[in-house]
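Written out below as structure tokens is the structure these notes cover.
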Amino acid sequence: MEHFYQLGWTLDPAGGASGEAYKAEQDGRKLFLKRNASPFIAALSAEGIVPKLVWTKRIETGEVVTAQHWKNGRELTHEEMSSNRVAALMKKIHSSGPLLTMLKKIGMKPMLPDLLLNKIQSSLSPKVNAHHTVRSAIQYLENKIPKLDQSLSTVCHGDVNHNNWLLSDQDELFLVDWEGAMIADPAIDIGIILYTYVPAEKWDAWLEAYGIKYDRDLRKRMKWYTLVQAITMVQWYEDHKRFKDMNDWILFLNQVIKRDRFI
């Protein structure tokens, strides 16, 4: 980001797994800069799902840098993930025609269950693949592949943990870090939120705020996708040698397997 230093901006890393995000300041103006952000960011900005996009520039290296308004704020707490506001923003995302059109324009195809299962099976290390809890989960996934009408596929975030929700000092709620965006069954986002953050007795109320009925079909789909995401996290933490976190996700995986055992 030498280009921006030369223009008089001060840059500080803004976190994130990619290491390509910065807080930029100049003469009291603050921006959130990101290298090689998805072109999808413009559509998300127009929908008010991420902080407003200010500009997009191609710099001398050939990289594309996007600038968004910097928002002072904080991530959501675990408890706040149960809120109606989270449910409402998820519904807005999943119902958005412009977002879906944008992803289709950049060539994205629906991520169907069998594709997800093949992807996860090919990504597992021998150690993770041999773990008895992971094996049980894989067996469940193979036996219970959802039958999904492709026309029901929507824009999904794919990583809706509380760290990716930003509540600004002006009480604006955003969902950020869209690198894993996909066209898929919305249950992929809904399930991991409910299983991870929402007490079982509040599931009906959360889904009512979202605008969907909690029936057997939804229960099956949520469980299936939550197992997929949990296995993915087990592998990610094993790859990064964060074994305590890996074991925590294995415990979570076991809990999901045991819940609703007969669906």
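Given the structure is predicted, the values throughout are model-derived calculations rather than measurements.
Looking at Gln235 and Ser123, their side chains never bring a donor and an acceptor atom within 3.5 Å of each other. Side-chain atoms of Gln139 and Asn143 form no donor-acceptor pair, as typed in the model, at a separation below 3.5 Å. For the residue pair Asn161 / Asp159, a side-chain donor-acceptor distance below 3.5 Å is found, with atom types taken as modelled. In this model, a donor atom of one side chain and an acceptor atom of the other lie less than 3.5 Å apart for Ser96 and Glu47.
Val176 and Met102 are assigned to two separate hydrophobic clusters, defined by single-linkage of ILVMFWY side chains at heavy-atom distances under 4.5 Å. A continuous path of hydrophobic side-chain contacts links Leu148 to Met111 [ILVMFWY only; heavy atoms under 4.5 Å]. Using a 4.5 Å cut-off between side-chain heavy atoms of Ile, Leu, Val, Met, Phe, Trp and Tyr, with links allowed through other members, Ile192 and Leu251 fall into different hydrophobic clusters. By the rule that hydrophobic residues join a cluster once side-chain heavy atoms approach within less than 4.5 Å of another member, Tyr140 and Val134 end up as members of one cluster. Residues Val64 and Leu31 do not share a hydrophobic cluster, clusters being chains of Ile/Leu/Val/Met/Phe/Trp/Tyr side chains in contact below 4.5 Å.
Looking at Tyr225 and Leu116, their side chains come closer than 4.5 Å, going by heavy atoms from C-beta outward. Between Leu207 and Leu218, the closest side-chain pair of non-hydrogen atoms falls below 4.5 Å. Using a 4.5 Å heavy-atom cutoff, the side chains of Met108 and Phe40 are not in contact. Val256 is listed as a side-chain neighbour of Phe252, based on a closest heavy-atom distance under 4.5 Å. Residues Arg135 and Asn129 are in side-chain contact: their nearest non-hydrogen atoms beyond the backbone lie under 4.5 Å apart. Between Ile183 and Lys104, some side-chain heavy-atom pair lies under the 4.5 Å cut-off. For the pair Val234/Leu124, no side-chain contact is recorded, criterion being any heavy-atom separation below 4.5 Å from C-beta on. Counting only heavy atoms from C-beta outward, the side chains of His94 and Val155 never approach each other to under 4.5 Å.
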- Pair Tyr210-Trp203, ring-ring contact (aromatic ring centres under 6.0 Å, His included): steps then yes or no: CA-CA 10 Å; Tyr210 175 90; Trp203 281 23; over 10 Å; no

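For Arg29, there are no side-chain hydrogen bond (donor to acceptor under 3.5 Å, both in side chains) partners at least two apart in sequence or on another chain.
Listed here is the closest heavy atom pair of Leu227 and Ala137: CD2-CB, 4.4 Å. Scanning both residues, Trp70 and Asn72, for their nearest heavy atoms gives NE1-OD1, 3.0 Å. Listed here is the closest heavy atom pair of Ala24 and Leu11: CB-CD2, 3.4 Å.
A donor-acceptor contact shorter than 3.5 Å links the side chain of Asn118 to the backbone of Asp114. Using a distance-only test at 3.5 Å, with no hydrogens or angles considered, a donor-acceptor pair links the side chain of His131 to the main chain of Thr133. Distance alone, capped at 3.5 Å, places no donor-acceptor pair between the Glu75 side chain and the Leu166 backbone. In terms of modelled atom types and a separation under 3.5 Å, the side chain of Ser122 and the main chain of Lys119 share a donor-acceptor contact. Although no hydrogens or angles enter the test, the distance criterion places a donor-acceptor pair under 3.5 Å between the side chain of Gln229 and the main chain of Gly158.
Tested against Cys156 for a side-chain contact (heavy atoms from CB on, under 4.5 Å), the candidates Ile93, Ile188, Ile190 yield a single pass: Ile188. The one candidate from Glu179, Glu63, Glu20 that meets the salt bridge (Lys or Arg N to Asp or Glu O under 4.0 Å) condition with Lys34 is Glu179. Screening Lys223, Arg216, Arg219 for a salt bridge (Lys or Arg N to Asp or Glu O under 4.0 Å) involving Asp260 leaves a single residue, Arg219. When each of Asp189, Asp215, Asp185 is paired with Arg221, the salt bridge (Lys or Arg N to Asp or Glu O under 4.0 Å) condition holds for Asp185 and for no other. Results of the ring pair (Phe, Tyr, Trp, His ring centres under 6.0 Å) test with His157 over Trp165, Trp178, Phe174 single out Trp178 as the only residue that passes.
In this structure, His162 and His78 have tilted ring planes: the angle between them lies in the 30° to 60° band.
Cation-pi check for Arg85 over Trp206 is not met; the charged atom does not lie both under 6.0 angstrom from the ring centroid and within 45 degrees of its normal. Figure legend: cation-pi geometry between Lys220 and Trp224 absent, as NZ or CZ is not positioned both under 6.0 Å from the six-membered ring centre and within 45° of its axis. A cation-pi contact links Lys127 to Phe243, judged by a cut-off of 6.0 Å to the six-membered ring centre and 45° from its axis.
Within 6.0 Å of CD in Glu208 there are 12 or fewer heavy atoms belonging to other residues, nucleotides or ligands.
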